[in-house]
Every structure is written in structure tokens, then in C-alpha cells.
Amino acid sequence: MLLVPFIRENRAQVEAGLKVKNFKDIAILEEIIIADDQRREIQKKLDDTLSESNKIAKEIGGLFKSGKVEEANKKKALTADLKELSKTLSEDLNSIQIKLTELLLRVPNVAHNSVPKGNSEEDNEIVKTVGEIPQMDKNALPHWELAEKYDIIDFKLGNKITGAGFPVYKGKGARLQRALINFFLDNATAAGFREVQPPLMVNEDSGYGTGQLPDKEGQMYYVGEDNLYLIPTAEVPITNIYRNTIVKSEDFPIRNTAYSQCFRREAGSYGKDVRGLNRLHQFDKVEIVVIEHPDKSYARLEEMNEYVQSLLVKLELPYRVLRLCGGDLSFTSALTFDMEVYSAAQKRWLEVSSVSNFESYQANRLKLRFKDENGKTQLAHTLNGSALALPRIVAALLENNQCEQGIKIPKALVAYTGFEYIN
RNA sequence: GGAGAAUUGGCAGAGUGGUCGAAUGCGGCGGUCUUGAAAACCGUUGAGGGUCAUACCUCCGGGGGUUCGAAUCCCUCAUUCUCCGCCA
């Protein structure tokens, strides 16, 4: 959520950034400012009213103390009108505040000035492509067939136990999962991230804090009995560690990483996108989250970008880096880089990571602040990225590394799997 | 799940209807002293709204209520602790 003073002071920049994002309802900015003006006006009246009745209450207190009961009782009558007025005013204040928040929630984050214009993923800028695209022979199998051939991932069994999108990993398939998780966590730790193990369910406040609620409510599994949500990503619990806190600026950058299973309803997805491991309801991911000083957040984004790429290099996967265009950028992000690996048998690029700078958009909802050099509290910047999401990495590993002997495990992973081939 | 107790500023801990945004201690910051440091002493030290700056308003776990007036009373929810039950 944007800050109203920010909108007031940087109107041109905000409008330009929203236009890049193809946000149509620019007029809402004016509504916000009007609502905020009203809010201030009502607030002022309320404050004055309360000030007045506080004064009288104190006087009454004094009169009682000095035994002037009658005079005190007389004064009581004076407060009746003020009470009535302050009640009306605080109701008004409440409703204008709700309206203001509701307006603000409809405004996405402002795109960074490096974000290219565009409407869809077609318009994303390919920053770079690394590695050779493997040329497979005609018999190359897609990963869902390889999974069955080597009996390592069982989609049918998952259907039986739970439903579509909940595969069962078996034998070396399960071991490969565990190997990747450890590999990613070890690398993150070496890169300076603190490992945390968060809850897999979060409450409503946390959902609002990172912005899953209210707009993406339908995408999360909801446990109504206890009013909890299954996390769609570890970003939610990790970032919410810092909800409602004022961090020390000398602690910047605050780097956390977590492995978690992620749960997504993925309502509305279909076709080749959901085939095999391409899109699941439950999957594994290692996430990195950074909290940083506003002046340094873009340097940190670059660092995270490099870090994620280093993982792909170690896994010997061909990949490309995209700078998302305005139309493809998420609601809350100011700048996002996507990493995609090439999946040789499907002959397509699969998104395995997305690193974003949310600037203060999330921090505002989270009330995540720090004290600056002048001792003033201001909003911190939050960033996060996948490092990495497992299923599509597994898909690419299986497809790209299929050979006579089976599936070849990349060197860097062998220490974790304990085997060189799946066969 | 049942019964009881508790929830106050960074931490500890007073405060049970009136001048309490809140004693005191510790910690933090600034200063005096010192060659330097420690100790001692003095000062300062929560957040949000509002203002050019004051004034002023709100916040004592969350929400609601009683009252002229609530950290203090009532209701409700959450959390923590103790006992019982169940249990990896």
C-alpha cells in the first residue's frame, strides 16, 4: 500500500509508474487525496471535541476533590453534547478511514523506472541467456514420463491419496527432493542468510501483512475451523516476523531464508501448464527474504539476482533472466526479475524463480520501520525471491539430463543425493 | 478440551476510577569527572495522528461497553503460566 504523503509529494512519478503497469484508474489518486483531506478535517474536529471534554472532566475531578459536589454535577450536563458530537465524529472518522484504506488497497505498487512497458509476458525483456540449449533426440521423454519410467514421482498415487497436483515422490525421487532442499539451504546460509523454519499456517493479520489478503484470498487454502491459511510461500511467515516492528538500521541488511512446503489452490489453471510438475497444489521451495534500507534495496536486488543465478549455474541448467514488463509485474512489486530454466523435452522455458523489490509497499502494510540517521522512523524496503522452487528444477533436471544410463545428477548435487544416476 | 491466575514502555516491575503516557530499577543515548576506560553524578530516552513549529488528540494484549472521567470496573477474543484430561 502506498503512503498518502508519498502520493501527494510525488504525483507525477506515481502516475508514470502506474501507467507503466497499465493501471487504468489513475483518477483514484484524486479520490484518495480528497478522502485524506476529509480524514484530516474530521480528525481535527474530533480532537478539538475530545480536548474540550477532557478539560471539563478534569475540572469536575477537581471540584469533587474540593467537595463542591453540586457544582460538579452541574458541569456534567455540559459534556452531554460533546459526547454526542464526538461519537458521531469518531464514527465518521472510522468510515472515512475504511474508505481511504479501501481506495489505497486498489492502487498497485509503482513500477521502478527501469521497468519496460508492455502488456504480457511477450513483452518481458530478456536480460541474458546462459548455457547451451540441449538438443535432444526424437525419443526424448517429458519429465512426467521419465518420472513413471524410473518410478520416482507418482502422480496417480497422489490422485488417489489426495487429488490432482499432490504427487508422491518415491525412492530416488524423494531423495532428490531432500538433496535439493539441503543444497539450496546450504548455499543460502553460505551467502549470509539466516535459516528459519516458519509455521506453514498463518493467521489473517499475516495474510494482510504481505498482501495475500484480501485480493488473493481464493488462492490460499483456508482452514475455517481455526481461521488460518496454508502458506502459498514462505515469504508470508518470514516477512511477517517483522510485522509491527522497528528494526535497527545497523542490522541492515536483514537476510532470512527458509525451506517450506507451499500450498496453492491454483484455481483457474489448466492444460499444458499443469501437466506433470509444471504446476502443483503442494510443492517445495526455499525462499530468501531481505529487509533493507531504502537507499540500498536495489543493490541488494542485484545481489539476490546474482545469487539465484549462481544456483542455476551449479546445477548446470541453461537459463535466462527476464526483466518483467509493466503488464506482467505483480501488484505489489516495483521491479522483478524472473529466472527461467529450459526444459528440453517440453521445449519451453519454465519459471523457477522470481526476485522482487517491493520497496516500502509491503512494509507499509506490515508497519515495518527503522530509525534513520536523523532518528526519524521510516518504512524499510522488503525484497524476496525463490532460491529455488523445486518442481520445475526437477522437471528440467530429468528432461535435460536423460541419457542411456538414466538421469545424470549434476556434480554439485551428487554429494547431496549420494548417487550419480537415477536408473 | 476443563478449572484457575496473568498480559503495563527495549527489559524488569509499580500503579484498582480523577492532574498517569504511566513510579522505580536495568539497559540505550548525551554530558561532567578521567591520560583513557570503569565507577560515580547530571540530563535524556515509546509509537501514531496533527502543526511551519507549538498546542492538541489517540494508544497500558485485541475488540466492545459503563462513567463527566478507565491502565484501573464490565463483556468478549487472543496469548502466557499452573493444575486436570488427551497426546506425537
Side-chain angles (χ1 to χ4, degrees), chain A residues 1-9 32-101 103-104 197-209 213 222-229 237 240-252 254 261 291 360 362-380:
Chain A
M1 184 156 81
L2 298 176
L3 284 169
V4 179
F6 180 81
I7 297 174
R8 283 182 191 272
E9 287 157 30
I32 286 170
I33 289 177
I34 291 168
D36 190 52
D37 286 341
Q38 287 171 353
R39 194 209 93 231
R40 282 197 220 182
E41 200 185 314
I42 297 169
Q43 179 78 254
K44 181 88 176 63
K45 280 189 199 156
L46 212 211
D47 286 358
D48 290 346
T49 311
L50 289 174
S51 173
E52 185 64 23
S53 55
N54 284 347
K55 220 170 82 189
I56 296 174
K58 277 181 189 172
E59 284 169 12
I60 292 174
L63 290 171
F64 271 122
K65 266 203 170 156
S66 49
K68 298 175 185 161
V69 180
E70 260 179 54
E71 215 172 311
N73 283 328
K74 237 182 262 174
K75 283 233 172 197
K76 280 191 194 178
L78 291 176
T79 61
D81 286 350
L82 290 172
K83 232 186 150 181
E84 191 62 32
L85 183 59
S86 68
K87 200 181 165 199
T88 316
L89 286 170
S90 63
E91 276 162 13
D92 291 351
L93 184 65
N94 204 273
S95 62
I96 192 73
Q97 241 147 11
I98 289 168
K99 184 185 168 191
L100 183 59
T101 307
L103 288 170
L104 284 167
Q197 207 177 81
L200 302 182
M201 290 198 246
V202 295
N203 59 28
E204 230 177 332
D205 285 347
S206 293
Y208 277 98
L213 296 175
Y222 174 57
V223 184
E225 182 94 20
D226 296 289
N227 198 216
L228 296 172
Y229 296 85
N240 272 286
I241 292 173
Y242 301 95
R243 168 156 50 85
N244 249 316
T245 55
I246 298 177
V247 300
K248 296 198 188 93
S249 60
E250 57 263 35
D251 292 340
F252 288 142
I254 298 172
Q261 306 196 301
I291 295 160
S360 59
Q362 252 184 357
N364 188 25
R365 284 213 206 177
L366 288 161
K367 298 283 166 279
L368 196 189
R369 295 98 87 214
F370 71 100
K371 285 232 188 289
D372 67 16
E373 306 70 38
N374 306 317
K376 277 191 69 176
T377 38
Q378 59 168 299
L379 295 171

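So that the names make sense, note that chain A is the first sequence line, chain B the second, and so on, each numbered from 1.
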What integer number of Å spans the [atom1] atoms of [N] and [M]?
N: B:U51; M: B:G61; atom1: P; result: 30 Å
N: B:G9; M: B:G48; atom1: C1'; result: 15 Å
N: B:U67; M: B:C11; atom1: P; result: 35 Å
N: B:U45; M: B:C26; atom1: C1'; result: 13 Å
N: B:A71; M: B:G63; atom1: P; result: 14 Å
N: B:C77; M: B:G25; atom1: C1'; result: 34 Å
N: B:U72; M: B:U58; atom1: P; result: 15 Å
N: B:U8; M: B:A22; atom1: C1'; result: 8 Å

(message) Tell me every residue that passes ring pair (Phe, Tyr, Trp, His ring centres under 6.0 Å) with A:Phe6, counting only those two or more places apart in sequence or in another chain.
(response) none
(request) State, to 0.1 Å, how close A:Gln261 and A:Leu200 come at their nearest heavy-atom pair, and which atoms those are. (result) O-CD2, 4.1 Å
(message) Tell me the closest heavy-atom pair linking A:Leu228 and A:Tyr222, and the distance in Å.
(response) O-CD1, 3.3 Å
(message) For RNA chain B, which residues of residues 78-93 of chain A approach it to below 4.0 angstrom with any heavy atom?
(response) A:Thr79, A:Lys83
(request) Strictly below 4.0 Å, heavy-atom distances to any atom of RNA chain B: list the hits from residues 37-52 of chain A, or just say none. (result) A:Arg39, A:Arg40, A:Gln43, A:Asp47, A:Leu50, A:Ser51
Taking pairing as Watson-Crick or G-U wobble with both contacts under 3.5 Å, can you name the mate of [N], or confirm there isn't one?
N: B:C73; answer: B:G65
N: B:C59; answer: B:G46
N: B:A6; answer: B:U79
N: B:U34; answer: none

(request) Could you say whether A:Ala57 or A:Ser53 is positioned toward the 5' end of RNA chain B, judged by the nucleotide with the nearest heavy atom to each? (result) A:Ala57
(request) Could you check A:Lys55 against A:Lys58 and say which one's nearest nucleotide on RNA chain B is further toward the 5' end? (result) A:Lys58
(message) Strictly by side chain to side chain donor-acceptor pair (under 3.5 Å), give each pair with a member in residues 84-97 of chain A just once, sequence neighbours left out.
(response) none
(message) I'd like to know whether A:Asn203 forms a side-chain hydrogen bond (donor to acceptor under 3.5 Å, both in side chains) with A:Tyr229, so could you lay out the CA-CA distance, the side-chain angles of the two residues, the decisive distance to 0.1 Å, and finally the verdict.
(response) CA-CA 6 Å; A:Asn203 59 28; A:Tyr229 296 85; over 6 Å; no
Holding to side-chain hydrogen bond (donor to acceptor under 3.5 Å, both in side chains), I want the full list of residues that pass it with [X], two or more places apart in sequence or in another chain.
X: A:Arg40; answer: none
X: A:Lys44; answer: A:Asp48
X: A:Arg243; answer: A:Ser206, A:Asn240

(request) Mind checking salt bridge (charged side-chain N to carboxylate O under 4.0 Å, His left out) for A:Asp81 and listing every partner two or more places apart, or none if nothing turns up? (result) none
(message) Under 4.0 Å, counting only non-hydrogen atoms across every strand here, what does A:Lys371 touch: a base, just sugar-phosphate, or nothing?
(response) sugar-phosphate
(request) Please list, chain by chain and in numerical order, all residues satisfying side chain to side chain contact (heavy atoms under 4.5 Å, CB included) with A:Lys76, sequence neighbours excluded. (result) A:Ile60, A:Phe64, A:Asn73
(request) At the 4.0 Å heavy-atom cut-off to chain A, mark where contacts on RNA chain B begin and end, going 5' to 3'. (result) B:G18 to B:G69
List the atom pairs, donor and acceptor, that lie under 3.5 Å between side-chain atoms in residues 49-59 of chain A and the rest of the protein, sequence neighbours left out.
residue: A:Thr49; atom: OG1; partner: A:Lys45; partner atom: O; Å: 2.7
residue: A:Ser53; atom: OG; partner: A:Thr49; partner atom: O; Å: 3.4
residue: A:Ser53; atom: OG; partner: A:Leu50; partner atom: O; Å: 3.3
residue: A:Asn54; atom: ND2; partner: A:Leu50; partner atom: O; Å: 3.4
residue: A:Glu59; atom: OE1; partner: A:Lys75; partner atom: NZ; Å: 2.5

Mind listing the side-chain donor-acceptor pairs of residues 362-371 of chain A below 3.5 Å, one per line with the distance, residues two or more places apart or on another chain?
residue: A:Gln362; atom: OE1; partner: A:Thr382; partner atom: OG1; Å: 2.8
residue: A:Gln362; atom: NE2; partner: A:Thr210; partner atom: O; Å: 3.4
residue: A:Gln362; atom: NE2; partner: A:Glu235; partner atom: OE2; Å: 2.8
residue: A:Asn364; atom: ND2; partner: A:Met1; partner atom: O; Å: 2.8
residue: A:Arg365; atom: NH1; partner: A:Tyr208; partner atom: O; Å: 3.2
residue: A:Arg365; atom: NH1; partner: A:Leu213; partner atom: O; Å: 2.9
residue: A:Lys367; atom: NZ; partner: A:Asn364; partner atom: O; Å: 2.6
residue: A:Arg369; atom: NH1; partner: A:Lys367; partner atom: O; Å: 3.1

